Amino acid sequence: MKDKECMQVLDDIFMEIFSKKCTLNLDQVLSEFAFDVRLPNKVIDAVDSKDTWASSINSNKYISQTNMEKYDEYKGWMREKEEISSLDDILNLWNVINYTTTERVYDSDNVSKSDTIYGCENVYRSQDCRRCKNVVFSDGCANSEYILACQRSANLNYCIKVDDSSDCSNCYSVVCAGKISNSFFIQDANSLHECMFCSHISNRRYCIANMQFEKDEYMEIKEQVIKWLIEQFKNNE
């Protein structure tokens with residue numbers, strides 16, 4: 001996914017959650033939302049000396065999946081037998097072929113700067129994602145669409161900074177929760193709709209800081225919270 005396409009996805013996510021377009025650039029989005037997300041890092045392909053992206057950076061040599069497959073096609077990775085007289089011989093021979101493969105993308109379309117991506121579409125600098133679409137700066141997510149800076153979660157739709165959670169939609173900043181919708185700043189909760197700043201409660205709607213409000217009261221306060229959040233984002237532009 002190219003930068004321009006990525007920004008369109010971010011606009012779509014922001015509009016769904018905050019009813020405002022994203023005013024930050026990609027570097028600012030990374031710093032503001034994904035500062036604590038484990039993401040692929042840029043390394044150098046040992047074959048063509050070009051940039052490539054790896055989820056593991058504990059290797060001495062890297063090769064992109066594309067270059068690895070090309071080598072396999074025109075030459076193959078098997079080698080002629082050589083005499084081995086010591087463990088050092090084995091280690092030296094292993095070093096010749098021991099590249100860490102990067103940008104591993106399987107059954108996916110429009111993926112960039114990512115590693116270990118399976119059955120996904122439109123992915124930007126993310127890793128270990130499965131059956132997802134429109135993903136930016138995320139790690140370990142599955143069966144999700146339109147997500148930004150999410151980690152170890154599944155069944156998300158239009159979410160920003162959702163960690164260790166499932167079945168969430170139109171949410172910002174949710175941790176260890178399930179079945180959350182149209183909510184901000186939720187932790188360790190379940191089955192909440194239109195709630196903010198709540199923890200350890202279930203089966204509620206229109207709650208703020210674990211206090212029950214009428215719908216009209218709640219929506220008025222929510223507007224103020226969104227204005228405050230947007231202002232915070234602008235301060236980091």
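Bear in mind that the values here come from a model prediction, so they are computed numbers and not experimental data.
Counting only heavy atoms from C-beta outward, the side chains of Val43 and Thr102 approach each other to under 4.5 Å. Two residues are said to be in side-chain contact when any heavy atoms from C-beta on lie closer than 4.5 Å; Glu82 and Leu93 meet this criterion. With a 4.5 Å cut-off on side-chain heavy atoms, Val175 and Asp188 do not count as touching. Leu30 has its side chain within reach of Arg125: a pair of non-hydrogen atoms, C-beta onward, lies under 4.5 Å apart. For the pair Asp11/Gln8, a side-chain contact is recorded, criterion being any heavy-atom separation below 4.5 Å from C-beta on. You'll find the side chain of Glu5 reaches within 4.5 Å of the side chain of Asn110, heavy atoms only. For the pair Asn67/Asp48, a side-chain contact is recorded, criterion being any heavy-atom separation below 4.5 Å from C-beta on. Proximity of Glu145 to Leu156: side-chain heavy atoms (C-beta onward) are nowhere separated by under 4.5 Å.
Tracing side-chain contacts under 4.5 Å through hydrophobic residues (I, L, V, M, F, W, Y), one never reaches Ile13 starting from Val111; they form parts of separate clusters. No continuous path of ILVMFWY side-chain contacts below 4.5 Å connects Ile201 to Phe184, so the two sit in separate hydrophobic clusters. Linking ILVMFWY side-chain heavy atoms closer than 4.5 Å, directly or via other members, places Leu229 and Met196 in a single hydrophobic cluster. The hydrophobic cluster containing Tyr62 does not contain Trp94, counting ILVMFWY residues as joined when their side-chain heavy atoms lie under 4.5 angstrom apart, directly or transitively. At a threshold of 4.5 Å between side-chain heavy atoms, the hydrophobic network of Ile, Leu, Val, Met, Phe, Trp and Tyr places Ile97 and Val47 in one connected group.
Gln151 and Asp164 are not linked by any side-chain donor-acceptor pair at a separation below 3.5 angstrom, with hydrogens and angles left out of the test. For the residue pair Asp115 / Ser55, a side-chain donor-acceptor distance below 3.5 Å is found, with atom types taken as modelled. The closest side-chain donor-acceptor pair between Glu69 and Gln65 falls under 3.5 angstrom. For the 3.5 Å distance criterion, the side chains of Asp45 and Ser64 qualify, holding a donor opposite an acceptor.
No more than 12 heavy-atom neighbours from other residues, nucleotides or ligands sit within 6.0 angstrom of CE on Met78. Environment of NZ in Lys179: sparse, with no more than 12 heavy atoms of neighbouring residues, nucleotides or ligands closer than 6.0 Å. In the displayed structure, Asp107 atom CG is contacted under 6.0 Å by at most 12 heavy atoms of other residues, nucleotides or ligands. With a 6.0 Å radius and a threshold of 12 heavy atoms from other residues, nucleotides or ligands, Asp36 has its CG atom above the threshold. Counting non-hydrogen atoms of neighbouring residues, nucleotides and ligands closer than 6.0 angstrom, the CZ atom of Arg130 exceeds 12 such neighbours. Heavy-atom neighbours of Glu220 CD from other residues, nucleotides or ligands within 6.0 Å: at or below the threshold of 12.
Listed here is the closest heavy atom pair of Pro40 and Ser126: CG-O, 3.2 Å. The two residues Asn182 and Glu194 make their nearest non-hydrogen contact at O-OE1, 3.1 Å. In plain terms, the two heavy atoms of Cys168 and Ala177 that are nearest each other are SG-O, 4.3 Å. Scanning all heavy atoms of the two residues, the minimum distance from Ala149 to Asp163 falls at O-OD1, 4.2 Å. Taking each heavy atom of Cys195 and Ile186 in turn, the nearest pair found is O-CD1, 3.8 Å.
One finds the SG atom of Cys22 at 8.5 Å from the CD1 atom of Ile230 (value rounded to the nearest 0.5 Å). The distance from the CZ atom of Arg131 to the CD atom of Glu121 is 15.0 Å, given to the nearest 0.5 Å. Atom-to-atom distance recorded for Cys198:SG and Asn210:CG is 4.5 Å, nearest 0.5 angstrom. Remark: Gln187 CD to Cys176 SG distance equals 7.5 Å, nearest 0.5 Å. A distance of 6.0 Å separates CD of Glu217 from CD of Glu214, quoted to the nearest 0.5 Å. The NZ atom of Lys20 lies 8.0 Å from the NZ atom of Lys227; values are rounded to the nearest 0.5 Å.
Paired with Tyr172 under the rule ring-ring contact (aromatic ring centres under 6.0 Å, His included), one option of Phe14, Phe18, Tyr158, Phe197 passes, and it is Phe18.
For Gln212 (side chain) and Arg204 (main-chain N/O), no donor-acceptor pair under 3.5 Å exists by modelled atom type. No donor-acceptor pair under 3.5 Å is formed between the side chain of Ser173 and the backbone N or O of Phe185. A distance-only check finds a donor-acceptor pair linking the side chain of Trp77 to the backbone of Met68 [under 3.5 Å]. A donor-acceptor contact shorter than 3.5 Å links the side chain of Asn92 to the backbone of Asp88. The main-chain N or O of Ile221 is never found under 3.5 Å from a side-chain atom of Gln224 such that the two would form a donor-acceptor pair.
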Evaluate side-chain contact (heavy atoms from CB on, under 4.5 Å) for Ile44 paired with Lys50, printing each intermediate quantity in order. CA-CA 6 Å; Ile44 302 300; Lys50 293 181 179 179; over 6 Å; no
Could you go through the side-chain contact (heavy atoms from CB on, under 4.5 Å) check for Lys222 and Ile226 one step at a time? CA-CA 6 Å; Lys222 183 178 181 179; Ile226 289 177; 4.2 Å; yes
Decide side-chain contact (heavy atoms from CB on, under 4.5 Å) for Cys171 and Ile160; before the verdict, give the C-alpha distance in whole Å, the side-chain angles of both, and the deciding distance to 0.1 Å. CA-CA 6 Å; Cys171 289; Ile160 301 174; over 6 Å; no
Mind running side-chain hydrogen bond (donor to acceptor under 3.5 Å, both in side chains) on Tyr124 and Asp3 for me, showing each step along the way? CA-CA 8 Å; Tyr124 187 91; Asp3 288 7; 3.1 Å; yes
Given Ile117 and Ser108, is the side-chain contact (heavy atoms from CB on, under 4.5 Å) satisfied, shown in steps? CA-CA 7 Å; Ile117 303 296; Ser108 301; 3.7 Å; yes
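A salt bridge links Arg38 with Asp139: at least one charged nitrogen is closer than 4.0 Å to a carboxylate oxygen.
No close placement of the Phe213 and Tyr218 rings is indicated, their centers lying 6.0 Å or farther apart. Phe137 has its ring centre no less than 6.0 Å from the ring centre of Phe33.
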